[in-house]
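Heads up, the thing below is written out as structure tokens.
Here is how names work: the chains are called A, B, and so on, in the same order as the sequence lines, proteins then strands, and each is numbered from 1. The figures here come from the full heavy-atom set of this structure, side chains too, leaving out hydrogens, waters and symmetry mates.
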Amino acid sequence: NAGVTQTPKFQVLKTGQSMTLQCAQDMNHNSMYWYRQDPGMGLRLIYYSASEGTTDKGEVPNGYNVSRLNKREFSLRLESAAPSQTSVYFCASSRGRGVEEAFFGQGTRLTVV
Amino acid sequence: GENVEQHPSTLSVQEGDSAVIKCTYSDSASNYFPWYKQELGKRPQLIIDIRSNVGEKKDQRIAVTLNKTAKHFSLHITETQPEDSAVYFCAASTLSGGYNKLIFGAGTRLAVHP
């Protein structure tokens, strides 16, 4: 049982490049989330998906897009990377019906130069 | 929208002392309050949580208290040990439309000195 798996673990991009961060969970969870973590800022919600086929904006959605490909997978896309998007990105999932524990992936450290 | 304030941002204690971290939230509809611990280079992991129908919850050396009237909740760690050193995050969740959205505080870096 792998839980929540993110790829890649590390990535360096040049300004203007695009990339997609992948996330998959094997816990049959309904809800999935993308957070970014910056020093002194905690975990800020970028986008979330309450169930397959639905997505909604979080606290800091600008510059990102998401796709809930199926119940297992939730991807985050940077269309034109900017240095301000340098951060550690975490994907998380929870059962979704009711307020419950969120399980996190191991994180992706992204640097935009 | 929901906002969660967390204090202090850093906390340094001697081994064996107690540590207290406090959070306030803005959305009175919030009904679930988890605490996560994140060790250096690792993912956040749940250590304890509390729901709005409970005022206090304890699990060995850690406890959480909730004051819904004042909209604040606190994490208490007793008999601290060096392995308690980590960043701790509080969060608040509101159930809306059948789903829950977790909003986190900015984190507290706890250092426990032997």
Please indicate whether [X] has more than 12 foreign heavy atoms, meaning atoms of other residues, nucleotides or ligands, lying under 6.0 Å from its [atom1].
X: B:Lys22; atom1: NZ; result: no
X: B:Glu83; atom1: CD; result: yes
X: A:Arg44; atom1: CZ; result: yes
X: B:Glu79; atom1: CD; result: no

(message) Once rounded to the nearest 0.5 Å, what's the spacing between atom OH of A:Tyr35 and atom CZ of B:Phe89?
(response)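 One gets 11.5 Å once the value is rounded to the nearest 0.5 Å.
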Transitively linked via ILVMFWY side-chain contacts under 4.5 Å: [X] with [Y]?
X: A:Val60; Y: A:Val66; result: yes
X: B:Ile48; Y: B:Val20; result: no
X: B:Phe73; Y: B:Tyr88; result: yes

(message) side-chain contact (heavy atoms from CB on, under 4.5 Å) for B:Leu102 and A:Tyr33? Distances and angles first, verdict last.
(response) CA-CA 9 Å; B:Leu102 266 181; A:Tyr33 314 84; 5.5 Å; no
(message) Is B:Gln45 in contact with chain A via its backbone, its side chain, both, or neither, using a 4.5 Å heavy-atom distance?
(response)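 Contact with chain A involves no heavy atom of B:Gln45 at all.
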Which answer fits [X], side chain, backbone, both or neither, if we ask what part of it has an atom under 4.5 Å from a heavy atom of chain B?
X: A:Leu43; value: both
X: A:Val88; value: neither
X: A:Phe104; value: both

(message) Checking B:Tyr32 against A:Glu101 for the side-chain contact (heavy atoms from CB on, under 4.5 Å) test, could you report, in this order, the C-alpha distance in whole Å, the side-chain angles of both residues, the deciding distance, and whether it holds?
(response) CA-CA 9 Å; B:Tyr32 174 64; A:Glu101 178 181 0; 4.1 Å; yes
(message) Counting heavy-atom pairs under 4.5 Å with chain B, which one of A:Gly107, A:Ala92, A:Ala102, A:Gly58 comes out on top?
(response)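 Winner by heavy-atom pair count: A:Ala102.
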(request) Heavy-atom pairs under 4.5 Å with chain A are the metric here; pick the option from B:Gly105, B:Ser9, B:Gly41, B:Pro44 that has the most. (result)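 Most heavy-atom pairs under 4.5 Å with chain A: B:Pro44.
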